[in-house]
Asks: 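Let me give you the structure first, and then I'll get to my questions.
In the text below, chain A, chain B and the rest are named by the order of the sequence lines, each starting its count at 1. Not measured: the values here are computed from a predicted model.
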Amino acid sequence: MLNIFTVFETEMKVKRPIDDQLILDIADGNADALHTLYEASSESVYGFALSITKNSHDAEDVLQETYLTVYQKAVDYKPSGKPMAWVFTIAKNFALAKLKSKSRIRLLDDGDTELGVTFAEIENVEQRLVIQTAFRILNDEERQILMLHAISGLKHREIAAIMEMSLNTVLSKYHRAIKKMRSELA
Amino acid sequence: MKRKNIEKNLAAAVSHMVPEDAFERISLNLTPAPVEKERTSMKRTVNSENKKKNNVRKYASIAVAACLVIAIGIFGFAYYDRNLVVESVVDIDVNPSVELLTNKKNVVLEVNPINEDGKKILDGMDLEKTDIDVAVNAIVGSMLKHGYLDDENGILVTVQNDDEKKAEELRNIVVSDIDASLSEHNASAPVINQTLTDATDAEAFAKANNISVGKATFVLNLVKKDATLKAEELAKLSLKDLAGIVNAKNIDISDIVDYDADDSIWENIADEVEDVNEGEASPGNNADSIAPAKAKEIALKDAGIDASKASFIRVEADFDDGVKKYDVEFVSGGFEYEYEINAQNGNIIKREKEKAEGNKNTATQPVSKATNANNSNSSISSAKAKEIALAHAGVAADKVAYIKAEYDYDDGVREYEVEFKVDGVEYDYVLNAETGAIISYEKDRDYNSSQPSNNQNNEAVISADKAKEIALKHAGVAAANATGLKAEYDVDDGRKVYDVEFRVGRVEYEYEINAVSGAVIGYEKD
């Protein structure tokens, strides 16, 4: 979900939306604008990166590289009304590059794609169980789609664009993921 | 566990994982955006090479209107010293020009056609995130297919990079890729390649004349050699014609291209020109691939399905180990079919059939959104959102154990997510923050509380058809307009429910229906 913030009682903080203008401000070198974007999207970016790299250190690197690149490349952003899709695409490229450089190394030892993340920092048992399950039973695409949907709140068709899949493919993978998760967690 | 809870738990879990000081560290590493891409101080090394692959002149012939130039420029501009950060930009131009941006690992990040021909060449290809060799192979294949490449029309490869070694390296990769790709297609074409210096002028000139930076550089260098030549005129000429001028004027280009006197591209080009003049033109065995429509036809025929019954998801050209193929995907009769078809001979490489997951894409009926798009930025207050939700649930505010309203900006729509609990029952509403309209709601007994649950074990269950009917009626959708309609019986936390799903056009509906009472427990529209 983009730009989530909790409002108790009537007071509502006015927060600027994540839109093209925000990216244009970042392009002007406005670090506050970058911070706004970061606050609104870092969890989604991290979650997405984690779902690809399956490694918390890598996900952290991707997180940093993504926002550094956003800051650097905001001048090249073509206003399209889809700033988040742009950010995710950058994150995806970095995550895939990470994965690729790793897989090259991995050829040397025989190991399968072992998990580089323990989720030990998550105190809530239920949350930990759910995310561990997602990483244990889902295949890469199912996990990436589910994470994108769960954390970013992007629509399926937006996810389809980011994942470079057809809407139908995304939908069926998403439902398969949910079904697997539900039966595992039943 | 319910879908919503799965997603909530995932989101919450991740929120605990993002390192708190991450933004601080990002801030420390911020470097101001480059005012202009640094393209200065580039080293020029030029070499030319004849890529004649075989002596059978399959391509000799035909005055091809378009000249073909591929220039690949690598503009290295250092961002920050990080391995994975975008380091270079790769431009690919085809007479119309194509610009490729690549990163340090030679992965194509972006492909931009510079002119109309470039667009034609790139049509339908998605080369982003591919390795440079895959991209080059695809582009060469497409150029052959579109008739831009033959023995007479050369390929100009231009590589720009601050780092001479890196430029050299990449240039070699690209040249050998072109080589491989040409031989694969039994085709040949001369390849000239150069690395650029001082690209700033060339870049502006390229832009102004709709040509690649590589060609622009070559043209500008030629003009320097011979003042009677006009750069703007030369820019319009094909490589072949340029070669003709070089020959006619006897311009020594050995210092602007990497010149090999024994096997120079220009000699070869001249030979070709002569050949054509002597009328040696032959129709040529073209390595043309079948049309996408033909691929569709083959797949449908194999599946034994009438075209009118199939709804196509995608038909995409793809290169696999250098072989061009089509990925054809379609849905028919509740099955999803996936074919891979060799684009050269139409052979089926792979076929797959699987049950579509209720996502038939047959009828595409636009659904009119009920929300009135009020363009004002005004949002209702969270108190108002709570009020609306409570009123809808028929719950008095003083009966509520806890309530919270969360403001959410979802895909350009301002929403409130209102949650409250009454007597162990959890309510979950999503409201449009601008109009106050209820987007979705869900009612869920909280089994963590001590509240006893209703035992419905001995009660009769409604039929799946009935559940579908209830959901459709609630959504105001005619059964004929819904696709992928299915109802699944489920016992969720001891409750008997039907999960009903269907789609109208691109909008997906999901209902949870109490299987005993037929009441709508929750629904979601996406």
Asks: Distance check, rounded to the nearest 0.5 Å: B:Ile6 atom CD1 versus A:Gln127 atom CD?
Replies: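 Answer for the CD1-CD pair, B:Ile6 versus A:Gln127, is 13.5 Å.
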Asks: Decide side chain to side chain contact (heavy atoms under 4.5 Å, CB included) for A:Tyr38 and B:Val18; before the verdict, give the C-alpha distance in whole Å, the side-chain angles of both, and the deciding distance to 0.1 Å.
Replies: CA-CA 11 Å; A:Tyr38 177 87; B:Val18 181; 3.9 Å; yes
Asks: For A:Glu164, is it the side chain, the backbone, both, or neither that has a heavy atom closer than 4.5 Å to a heavy atom of chain B?
Replies: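 Looking at A:Glu164, just its side chain touches chain B.
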Asks: Do A:Glu126 and B:Asn5 pass the side chain to side chain contact (heavy atoms under 4.5 Å, CB included) test, and can you show the C-alpha distance, the side-chain angles, and the key distance before you say yes or no?
Replies: CA-CA 10 Å; A:Glu126 193 174 26; B:Asn5 291 336; 5.8 Å; no
Asks: In Å and rounded to the nearest 0.5 Å, what is the CZ to CG distance from B:Arg506 to A:Leu167?
Replies: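 Output value for this atom pair is 5.5 Å.
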Asks: Counting only heavy atoms closer than 4.5 Å, note whether A:Phe48 contacts chain B via side chain, backbone, both or neither.
Replies: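 Nothing of A:Phe48, per the 4.5 Å heavy-atom cut-off to chain B.
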Asks: I'd like to check B:Leu10 versus A:Arg143 (side-chain heavy atoms, cut-off strictly below 4.5 Å). Are they in contact?
Replies: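 Of all side-chain heavy-atom pairs linking A:Arg143 with B:Leu10, none is under 4.5 Å.
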Asks: Can you tell me which portion of A:Val45 sits under 4.5 Å from chain B's heavy atoms? Options are side chain, backbone, both or neither.
Replies: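 Answer is neither: A:Val45 stays 4.5 Å or more from chain B.
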Asks: Heavy-atom distance under 4.5 Å to chain A: side chain of B:Glu419, backbone, both or neither?
Replies: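 B:Glu419 has no heavy atom closer than 4.5 Å to chain A.
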Asks: Which answer fits A:Leu34, side chain, backbone, both or neither, if we ask what part of it has an atom under 4.5 Å from a heavy atom of chain B?
Replies: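 Backbone plus side chain of A:Leu34, per the 4.5 Å heavy-atom cut-off to chain B.
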Asks: Under a 4.5 Å heavy-atom cutoff, which of A:Met181, A:Lys82, A:Glu60 has the most pairs with chain B?
Replies: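 Ranked by heavy-atom pairs under 4.5 Å with chain B, first place is A:Glu60.
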Asks: Hey, what do you get for CD1 (B:Ile26) to OG1 (A:Thr69), rounding to the nearest 0.5 Å?
Replies: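 Interatomic distance, B:Ile26 CD1 to A:Thr69 OG1, rounded to 0.5 Å: 10.0 Å.
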Asks: CG/B:Asn9 to CD1/A:Ile131 distance, rounded to the nearest 0.5 angstrom?
Replies: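 The CD1 atom of A:Ile131 is 9.5 Å from CG of B:Asn9, to the nearest 0.5 Å.
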Asks: Counting only heavy atoms from other residues, nucleotides and ligands, does the tally under 6.0 Å from NZ of A:Lys92 exceed 12?
Replies: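 Correct, the count exceeds 12.
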Asks: Is B:Asp499 salt-bridged to A:Lys179, cutoff N-O under 4.0 Å?
Replies: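 Result for this pair is no, no salt bridge flagged.
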Asks: So what's closer than 4.5 Å to chain B heavy atoms on A:Thr89: side chain, backbone, both or neither?
Replies: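 Contact with chain B involves the side chain of A:Thr89 alone.
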Asks: Could you walk me through whether A:Lys100 and B:Asp131 pass the side chain to side chain contact (heavy atoms under 4.5 Å, CB included) test, one step at a time?
Replies: CA-CA 11 Å; A:Lys100 207 171 168 192; B:Asp131 283 326; 2.9 Å; yes
Asks: For a quick check under 3.5 Å, do A:His149 and B:Glu7 share a side-chain donor-acceptor pair by atom type?
Replies: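 A pair is found: one side chain offers a donor N or O, the other an acceptor, under 3.5 Å apart.
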Asks: Quick one: closest heavy-atom pair of A:Ala150 and B:Ala11, and the distance?
Replies: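 So the two residues come closest at O-CB, 3.9 Å.
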Asks: What is the minimum heavy-atom distance between A:Tyr46 and B:Val14, and which atoms define it?
Replies: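 Result for this residue pair: CD2-CG1, 3.9 Å.
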Asks: Say you draw a straight line from CE of B:Met17 to OG1 of A:Thr118; how long is it, rounded to the nearest 0.5 Å?
Replies: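 Answer for the CE-OG1 pair, B:Met17 versus A:Thr118, is 7.0 Å.
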Asks: If you count heavy atoms of other groups shown closer than 6.0 angstrom to NZ of B:Lys384, is the number above 12?
Replies: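 Check fails, neighbour count at 12 or below.
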Asks: State the CZ-CG distance between B:Arg3 and A:Leu146, to the nearest 0.5 angstrom.
Replies: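 It is 9.5 Å, given to the nearest 0.5 Å.
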